[in-house]
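To start, the structure under review is shown below, and the notes come after it.
Computed over heavy atoms, backbone and side chain alike; hydrogens, waters and symmetry mates excluded. So that the names make sense, note that chain A is the first sequence line, chain B the second, and so on, each numbered from 1.
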Number of protein chains: 2
Amino acid sequence: MSDDDIFRALGDPTRRAIFEKLAAGALNASALREGMAISQPAMSQHLAVLRNASLVRERRQGRYVNYEVDPDGLARIAGWLSRYRAYWPARIEALRDLLKDMDQ
Amino acid sequence: MSDDDIFRALGDPTRRAIFEKLAAGALNASALREGMAISQPAMSQHLAVLRNASLVRERRQGRYVNYEVDPDGLARIAGWLSRYRAYWPARIEALRDLLKDMDQ
DNA sequence: GCAATACATAAGCGAAGACTTATTTGATTC
DNA sequence: GAATCAAATAAGTCTTCGCTTATGTATTGC
């Protein structure tokens, strides 16, 4: 797990889509594939990359492997982003709107 | 400019290094290269990718081109991250405090 | 134990991407 | 306007990466 792993993992649009799907709720690898024109090995490989970046973690349940968002990876992105907060005031309105959205 | 452009741009460690250097203060392309074992065209290409992702913007000054962090890209990352607020409540509080500070 | 199911790993292929050298464009100075 | 310097673009090479097919490893149920 490193910034490198994280950003490289998110650099692929398919992996971001997988992550976003997981963010809506934990799923096993097969369920994740539904509606996602992607082969079983490809999904497995993507999950391995996300796992290695601490963006996702697995919990084996019987013969299924349940995947869920790992907050560690997200926290790390937040940490990276916070280093540039000096530039946020320039976009304060956008941030304010963002927070408003989050409130409801 | 899209999430795709942004994450793809940050997916490369050299580009992140360039961005981080710029975050410490605006620099022209030549100055950026200092201490960075990277050719002039390579730097130019990296800057083009970062620019296209709205992570960086240029301002031509004479025959130099000054580069600086573009808050738009950062705001967009913040936006992406905010969609997963459910997984990092503590960080949201920090952001809220930050905005409160900035208000006065 | 054996068949079936869920997932992971191996090996190889093709496309994308990060570099290189060479050249071009734009701006300054004499 | 010729020489010089900063940066961008072009074209080609080599590496990385995301995919494929094939096979291996767990786990379940008969």
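When heavy atoms are screened at a 4.0 angstrom cut-off, A:R51 is found touching the sugar-phosphate backbone but no base atom. Across all strands, A:Q61 comes closer than 4.0 Å to no nucleic acid atom at all (heavy-atom distances).
A:N52 places its CG atom 11 Å from the P atom of C:dT9, with the value rounded to the nearest Å. Rounded to whole Å, atom P of D:dA8 lies 6 Å from atom CD of B:E58. Look at CG on B:N28: it is 15 Å from P on D:dC5, rounded to the nearest Å. Straight-line distance from the CZ atom of A:F7 to the P atom of D:dC17: 16 Å, rounded to whole Å. Between A:L47 atom CG and D:dG18 atom C1' the separation is 14 Å, expressed in whole Å.
By the salt bridge (charged side-chain N to carboxylate O under 4.0 Å, His left out) test, A:E20 pairs with B:R83, sequence neighbours left out. Legend: residues meeting salt bridge (charged side-chain N to carboxylate O under 4.0 Å, His left out) with B:R60, ordered by chain and number and at least two apart, are absent. Legend: residues meeting side-chain contact (heavy atoms from CB on, under 4.5 Å) with B:S39, ordered by chain and number and at least two apart, are B:P41, B:A42. Remark: B:E68 engages B:R57, B:R59 in a side chain to side chain donor-acceptor pair (under 3.5 Å) (not counting sequence neighbours). Annotation: salt bridge (charged side-chain N to carboxylate O under 4.0 Å, His left out) contacts of B:R63 (sequence neighbours excluded): none.
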Please table the atom pairs, donor to acceptor, closer than 3.5 Å between any side-chain atom in residues 1-9 of chain B and protein atoms at least two apart or in another chain.
from, atom 1, to, atom 2, distance (Å)
B:S2, OG, B:D4, N, 3.3
B:S2, OG, B:D5, N, 3.1
B:S2, OG, B:D5, OD2, 3.2
B:D3, OD1, B:R76, NE, 2.9
B:D4, OD1, A:R16, NH2, 2.7
B:D5, OD2, B:M1, N, 3.4
B:D5, OD2, B:S2, N, 3.3

Using a cut-off of under 3.5 Å, enumerate the N/O to N/O pairs linking the protein to nucleotides 1-5 of chain C.
from, atom 1, to, atom 2, distance (Å)
C:dT5, O4', A:R63, NH1, 3.3

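Side-chain contact between B:L81 and A:W80 is absent, with no heavy atoms from C-beta onward closer than 4.5 Å.
Residue pairs meeting the salt bridge (Lys or Arg N to Asp or Glu O under 4.0 Å) criterion with at least one partner in residues 22-51 of chain A, sequence neighbours excluded, are A:R51-A:E58.
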Could you run through nucleotides 16-25 of chain C and give me one letter per nucleotide, 5' to 3': B if any protein heavy atom sits under 4.0 Å from the base, S if only the sugar-phosphate is that close, - if neither? -SSBBBB---
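For B:Y67 and D:dA8, the shortest distance from a side-chain N or O to OP1 or OP2 is below 4.0 Å.
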